[in-house]
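Below, chain A is the first sequence line, B the second, and so on; all start at residue 1.
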Amino acid sequence: MPELPEVETVVRDLRPLLSGRRLASVQVSMHNLRRPWVKAWATQLVGRRVEEVRRRGKWIVIALDGSLFLVIHLGMTGQLTVVPGTEPVANHTHLRIDLDDGRAQLRFRDVRRFGSATLFTDAAALERFFEKSGLGPEPFDLEARSWREKLRGTDRALKAVLLDQRVVAGVGNIYADESLFEARLHPGRKASDLSAAEAERLRKAVAKVLKRAIERRGSTIRDYVGGSGLRGGYQEEFRVYRRTGQPCPRCGATIVRERLAGRSTHYCRQCQRR
DNA sequence: ATAGGCGCCTGCTGGC
DNA sequence: TGCCAGCAGGCGCCTA
């Protein structure tokens with residue numbers, strides 16, 4: 001699911017709803033997510049105050065007082081919302097945390113359970129976690145020179161490079177395809193073959209596409225909703241993703257789909273030449 | 001060290 | 001209508 005624009009939307013939605021609130025009772029489901037639940041969490045979380053809600057790549061970080069960090073990844077089908085506690089509990093809801101206003105509840109729902117929730121007990125441990133995964137720079141902070149060098153240093157296909165969270169954090173299958181279309185680059189092009197101008201075009205395209213998608217509150221194909229349950233709107237602006245067989249908005253040629261880097265990849269053969 | 005493939009899960013869609 | 005293959009916003013582990 002959720003790539004950077006969706007996660008950013010969740011974070012922006014949750015920030016005013018969670019900041020300053022204290023966590024009350026915690027309930028976890030019997031199913032493990034990607035990582036098993038740790039029973040001790042429930043007691044560790046109770047009474048903590050939310051100091052900050054932020055994003056790093058596709059990770060949501062809820063910073064609590066006492067240097068505790070609840071870190072959530074939405075995987076493919078994760079939903080993190082704050083709803084009235086009286087709202088019926090949807091199936092596949094794995095975590096519920098009551099807030100101290102006595103009415104609202106933070107809920108984590110994840111049908112496919114590819115998501116995760118992890119608790120870090122100090123800032124250094126959280127930092128080590130991101131470091132160990134090699135999480136790359138945020139796309140809006142990408143420095144032109146290091147980006148160019150990074151591309152020059154690998155023979156992999158552009159599609160694979162964009163999906164690699166170590167190269168740039170937050171891009172997934174939708175926005176990789178949309179960015180490559182915006183930059184008029186074939187997804188199968190070898191990164192090392194790009195000219196400096198092409199590399200720069202791609203860097204700008206990624207930022208432009210992600211920025212616009214955030215403005216539209218991300219893309220909802222099936223499961224994704226923002227922090228207050230609202231769907232996204234960027235799917236209405238897709239130019240290649242999931243548009244196989246339809247005309248290219250730029251040249252009218254037919255959009256094709258191919259398997260690349262193990263993922264469904266959409267592009268225009270006319271505008272995106274090898 | 002790097003790149004590719006598979007498995008983890010559930011649910012929906014389209015073809016027969 | 002039913003069945004089954006294929007597909008889905010991701011990532012981590014295993015191989016070569």
Side-chain angles (χ1 to χ4, degrees), chain A residues 1-11 29-37 55-60 71-80 90-94 108-118 129-136 139 150-180 187-188 190-192 206 209-210 212-214 216-227 230-238 240-245 257-266:
Chain A
M1 116 48 202
E3 307 180 28
L4 186 148
E6 291 76 31
V7 175
E8 178 65 25
T9 302
V10 168
V11 163
S29 77
M30 52 194 294
H31 287 289
N32 282 329
L33 299 187
R34 182 171 279 280
R35 309 157 171 284
W37 295 111
R55 177 191 62 75
R56 175 77 175 91
K58 298 175 194 171
W59 298 90
I60 296 164
V71 176
I72 290 171
H73 197 291
L74 301 177
M76 289 276 251
T77 53
Q79 300 174 333
L80 190 64
N91 56 348
H92 304 293
T93 298
H94 297 109
F108 183 33
R109 173 170 190 257
D110 185 0
V111 171
R112 290 175 73 183
R113 283 186 263 140
F114 288 175
S116 64
T118 317
F129 173 75
F130 286 140
E131 224 155 82
K132 201 176 152 201
S133 79
L135 193 59
K150 191 73 109 178
L151 294 187
R152 202 156 53 186
T154 179
D155 290 339
R156 299 155 82 196
L158 290 177
K159 175 70 183 261
V161 172
L162 286 179
L163 291 177
D164 188 342
Q165 301 300 297
R166 295 168 303 181
V167 178
V168 54
V171 179
N173 208 35
I174 294 177
Y175 300 108
D177 284 6
E178 293 294 321
S179 299
L180 287 165
K190 275 203 317 197
S192 53
V206 169
V209 165
L210 292 176
R212 176 63 188 156
I214 291 170
R216 296 296 315 269
R217 299 180 47 85
S219 310
T220 296
I221 293 162
R222 177 169 296 143
D223 303 273
Y224 167 72
V225 292
L230 245 55
R231 295 162 55 87
Y234 191 72
Q235 68 280 0
E236 290 158 21
E237 298 185 22
F238 287 168
V240 286
Y241 187 76
R242 288 210 163 186
R243 292 196 63 249
T244 315
R257 185 169 75 107
E258 231 172 78
R259 199 135 194 105
L260 232 142
R263 311 293 299 277
S264 219
T265 302
H266 314 72

What's [X] touching, base or sugar-phosphate or nothing? Going by heavy atoms closer than 4.0 Å.
X: A:Gly262; result: nothing
X: A:Asp110; result: nothing
X: A:Thr154; result: sugar-phosphate
X: A:Ser133; result: nothing

Which atoms form the tightest heavy-atom contact between [X] and [Y], and what is the distance?
X: A:Gly232; Y: A:Thr220; answer: N-OG1, 2.7 Å
X: A:Leu162; Y: A:Val171; answer: O-CB, 3.5 Å
X: A:Asp177; Y: A:Ser264; answer: OD2-O, 3.8 Å
X: A:Leu230; Y: A:Arg217; answer: CB-NH2, 3.5 Å
X: A:Val111; Y: A:Thr77; answer: N-OG1, 3.4 Å
X: A:Leu135; Y: A:Ala169; answer: CD1-CB, 3.7 Å

Note every stem involving DNA chain C: at least three consecutive Watson-Crick or G-U wobble pairs, i with j then i+1 with j-1, with both distances under 3.5 Å.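 Counting only runs of 3 or more consecutive pairs, the stems involving DNA chain C are B:2-8 with C:10-16, B:10-16 with C:2-8.
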Rounded to the nearest angstrom, tell me the gap between atom [atom1] in [X] and atom [atom2] in [N].
X: A:Gln235; N: C:dA8; atom1: CD; atom2: C1'; value: 15 Å
X: A:Glu258; N: C:dC7; atom1: CD; atom2: C1'; value: 17 Å
X: A:Leu74; N: C:dG10; atom1: CG; atom2: P; value: 11 Å
X: A:Asn173; N: C:dC7; atom1: CG; atom2: P; value: 13 Å
X: A:Lys159; N: C:dG10; atom1: NZ; atom2: C1'; value: 13 Å

Map A:Arg112 and A:Gln165 onto DNA chain C by nearest heavy atom, then report which one ends up closer to the 5' terminus.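 Result: A:Arg112.
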Spacing of the P atoms in C:dG6 and B:dC6 (rounded, Å):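 My reading of the P atoms in B:dC6 and C:dG6 gives 13 Å.
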Can you check the distance between B:dC9 and C:dC3, where both ends of the measurement are the P atom (answer in whole Å)?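 Per the computed distance, 25 Å lies between those P atoms.
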Shoot me the first and last contacting nucleotide of DNA chain B against chain A, ordered 5' to 3', at under 4.0 angstrom to non-hydrogen atoms.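 Nucleotide range in contact with chain A: B:dA3 to B:dC12.
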Please check this pair: side chain of A:Arg109 against backbone of A:Asn91, looking for a donor-acceptor N/O pair closer than 3.5 Å.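 Yes; judged by distance alone, with no hydrogens or angles, the pair exists.
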Between A:Arg156 and A:Asp164, does at least one N-O distance fall below 4.0 Å, as a salt bridge requires?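 Yes, this pair counts.
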Which is more 5' along DNA chain B, the nucleotide nearest A:Asp155 or the one nearest A:Arg222? Just name the residue.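 Whichever sits nearer the 5' end wins; that is A:Asp155.
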When the nearest nucleotide of DNA chain B is assigned to A:Asn91 and to A:Arg166 on a heavy-atom basis, which residue is associated with the more 5' position?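 Closer to the 5' end of DNA chain B: A:Arg166.
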Please enumerate all residues that pass ring pair (Phe, Tyr, Trp, His ring centres under 6.0 Å) together with A:Tyr241, with sequence neighbours excluded.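 Applying ring pair (Phe, Tyr, Trp, His ring centres under 6.0 Å) to A:Tyr241 gives A:Phe238, A:His266.
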